[in-house]
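Excluded from the calculations below are hydrogen atoms, water molecules and symmetry mates; all remaining heavy atoms, backbone and side chain alike, are included. So you know, we letter chains A, B, ... as the sequences are listed, proteins then strands, and number each from 1.
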Amino acid sequence: MLRKRLINLLTEAVNKAQKDGKLPSIGLPEITIERPQNTEHGDYASNLPLKLARLTRVNPMVIAKELLTLLPYTEEIESAIAAPPGFINFTLKNNWLSRQADQILQAGKSYGDNDMGHGKRVQVEFVSINPTGPLHVGHGRGAILGSTLANILVASGYEIEKEYYFNDAGSQMDVFKRSLYARYLQRLGIQAEVPENGYHGNYMIDLAKEIIDEYGDKFQKLSESEAIAQLGEIGINKVKDQIKKDLKLLRVEFDIWFREQSLYKNGQYEKVMKLLRGKNHLSEKEGATWFVSTSLGEDKDNVVVRSNGAPTYFATDIAYHYNKFIERHFDSVINIWGADHQGHVARMKAVVGALGIDPEQLQIIIHQMVTLRRGGELVRVSKRTGDLITLREVMDEVGVDACRFFFLARSANSQMDFDLELAKRQSQENPVYYVQYAHARIASIMRLAEERRINYTDGDVSLMTTTPELTLIRKLLYFPELIEMVTITLEPHHLAYYAQELATTFHAFYKDCRVVSDDEAITKARLKLVNVTQMVLAKTLNLMGMTAPDRM
RNA sequence: GUCCCUGUAGCUCAGUUGGAUAGAGCGGCUGCCUUCUAAGCAGCGGGUCGUCGGUUCGAAUCCGACCAGGGAUACCA
């Protein structure tokens, strides 16, 4: 890649300067190449002279000019100039740029892919909510974040497994089952109370009704504990199915649905507790068993086994991560959690460290809360159900593409306002359609070319020399850098911004450059460019889990 | 109290990890459709980057203090 090449060129130049005694021999600072915001500063820029100036106490402009004399001729670079206070600005050659249209075309669908991952096995675990109710918009944010991140990491050569962890054991399940039992009896006209800390949502009433329609009143005849167990199991499965259905609709697929119960059945829980006890990470206090986080730098210890003998959620999460790292040998693990789990981050990292794994191998992405709005108004509760608005309702209202785009257009650590009105409006003010429209416009051009039976495989791309054409190519050339950046930062929101920028650049090109025209040579060249633009735009959208429509 | 996230244009948010004159979309105003999709394009207006200090050639970005909003601080998950 060009960036790396420029770094190499600069490194060689400095080495040479040092060898020739033009620069003091000191260790090289990290050489960074950035893309200047201002296009007048060229395509790439380096602040290396400024960095060297500090270390050598030589005027940065002098260093810059010295380095320039040592840069060799290359086929890509038109000019490298020194700019005050001490930058080196690189500008690419027009004919090199135009040739890249051919290069991208040749790379085809794999354009932008890289091998940063070297096939390393990475697990991305996300959503993972208790099957006690429907998915909400916050869960949708995690789902979209996780699935998009997984797509990006695959493009970067990682071997990815996407996993959903079902908490189907702990005390919340118990509460859910009791709540459902109460609703079931109520529905049959029998006096019953939903537990105070239980699940009071109206969806539980619907669920009870559904079960009665299907199974009748047979659970009423069983003993309470037996009824709760059987009824509960059915209820949990129904909720699970609904969650799976909603996720599928959102285009979120998982490789593995992991059950918390399996940790107990397969003895992982016992094993890890023994392991931690052996390493003195556990201690008994006040009748409970604690994980001694304080000795690992945490500010407080945490209970793993309650005084009643039941493991806490923390305990099962310990077993779960033992399973991920020790039993399944993932090279690294990415967990995506909502902001309400933020307090859990430090202790999980501590646990992983206690298991003998580098805590860096566990990356936890916390996304902040989502606030729903309609126009300016805050909305929380659905008018239809009386419960909190579900993800499903939002998907139905605004559509999956808009849903995915809006969730992706915000960085995970900013709280987001999701405006249903805006997301829904199919008009110019909606960036989703703006991007997709660019794709549809291209498809229309390609259809015309096909109708006229224009074979452009022999198109000469070097005929493209105008600013709109070259700007578009420059934007396409950024795509591989984008993939790398998102892979490193794990911040997929850059995709949404890139998609908009690429669309903008294309629309500008479209306005200025007639593609299918009387000039056969230009037509063929531009068809190549339009073709690769379509490819990259579609790939960007697909990475985001969005569709790239051919007509709108 | 402690910990995490956030504070940038009227609104919603970016800002490539310390770079050059701080950007986009929406909203407002003005123009552009007999030619491949006007769901488009071009232009105008809009800023004390929460506040105050510090670090240095250079700060929206790093450090400290303070202010404001959200979240977490359970033998719930």
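- Using a 4.0 Å cut-off between charged nitrogen and carboxylate oxygen, Arg3(A) and Glu484(A) do not count as a salt-bridge pair.
- The existence of a salt bridge linking Asp419(A) and Arg374(A) is excluded, since no basic side-chain nitrogen approaches an acidic carboxylate oxygen closer than 4.0 Å.
- Taking 4.0 angstrom as the limit, Tyr498(A) places none of its side-chain polar atoms (N or O) nearer than this to OP1 or OP2 of A14(B).
- Between the side-chain ring of His341(A) and the base of A72(B), no stacking contact exists by the 5.5 Å and 30° definition.
- In this structure, Tyr497(A) forms no aromatic stack with the base of A24(B), since the conditions of centre separation below 5.5 Å and plane angle below 30° are not both met.
- Residue contacts for Asn47(A): at a heavy-atom cut-off of 4.0 Å it reaches a base atom on one of the strands shown.
- A close approach under 4.0 Å does not occur between any side-chain nitrogen or oxygen of Asn308(A) and OP1 or OP2 of C75(B).
- If you check every strand for non-hydrogen atoms under 4.0 Å, Glu286(A) touches a base.
- Ion pair Asp168(A)/Lys240(A) flagged as a salt bridge, since at least one NZ, NE, NH1 or NH2 atom sits closer than 4.0 Å to an Asp/Glu carboxylate oxygen.
- Regarding contacts with the backbone of C41(B), a side-chain N or O of Tyr434(A) is found under 4.0 angstrom from either OP1 or OP2.
- No engagement by Asn59(A) is indicated, since no non-hydrogen atom pair under 4.0 Å with the nucleic acid exists.
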Which nucleotides of RNA chain B pair, in dot-bracket form (Watson-Crick or G-U under 3.5 Å, | meaning another strand): (((((((..((((.....[...)))).(((((.......))))).....(((((..]....))))))))))))....
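- Residues Lys51(A) and Glu30(A) are not paired through a salt bridge, judged by the lack of any N-O separation under 4.0 Å between the basic side chain and the carboxylate.
- Within 6.0 Å of CD in Glu520(A) there are 12 or fewer heavy atoms belonging to other residues, nucleotides or ligands.
- Contact annotation: Arg441(A) side-chain N/O to A38(B) OP1/OP2 distance is under 4.0 Å.
- The side chain of Ser411(A) places an N or O atom within less than 4.0 Å of a non-bridging phosphate oxygen (OP1 or OP2) of A14(B).
- Across all strands, Ser171(A) comes closer than 4.0 Å only to sugar-phosphate atoms, never to a base (heavy-atom distances).
- The residue Ala339(A) sits close only to the backbone: its heavy atoms come under 4.0 Å of sugar-phosphate atoms, none of a base.
- With respect to Arg447(A) and Asp550(A), no salt bridge is recorded, no charged nitrogen being found less than 4.0 Å from a carboxylate O.
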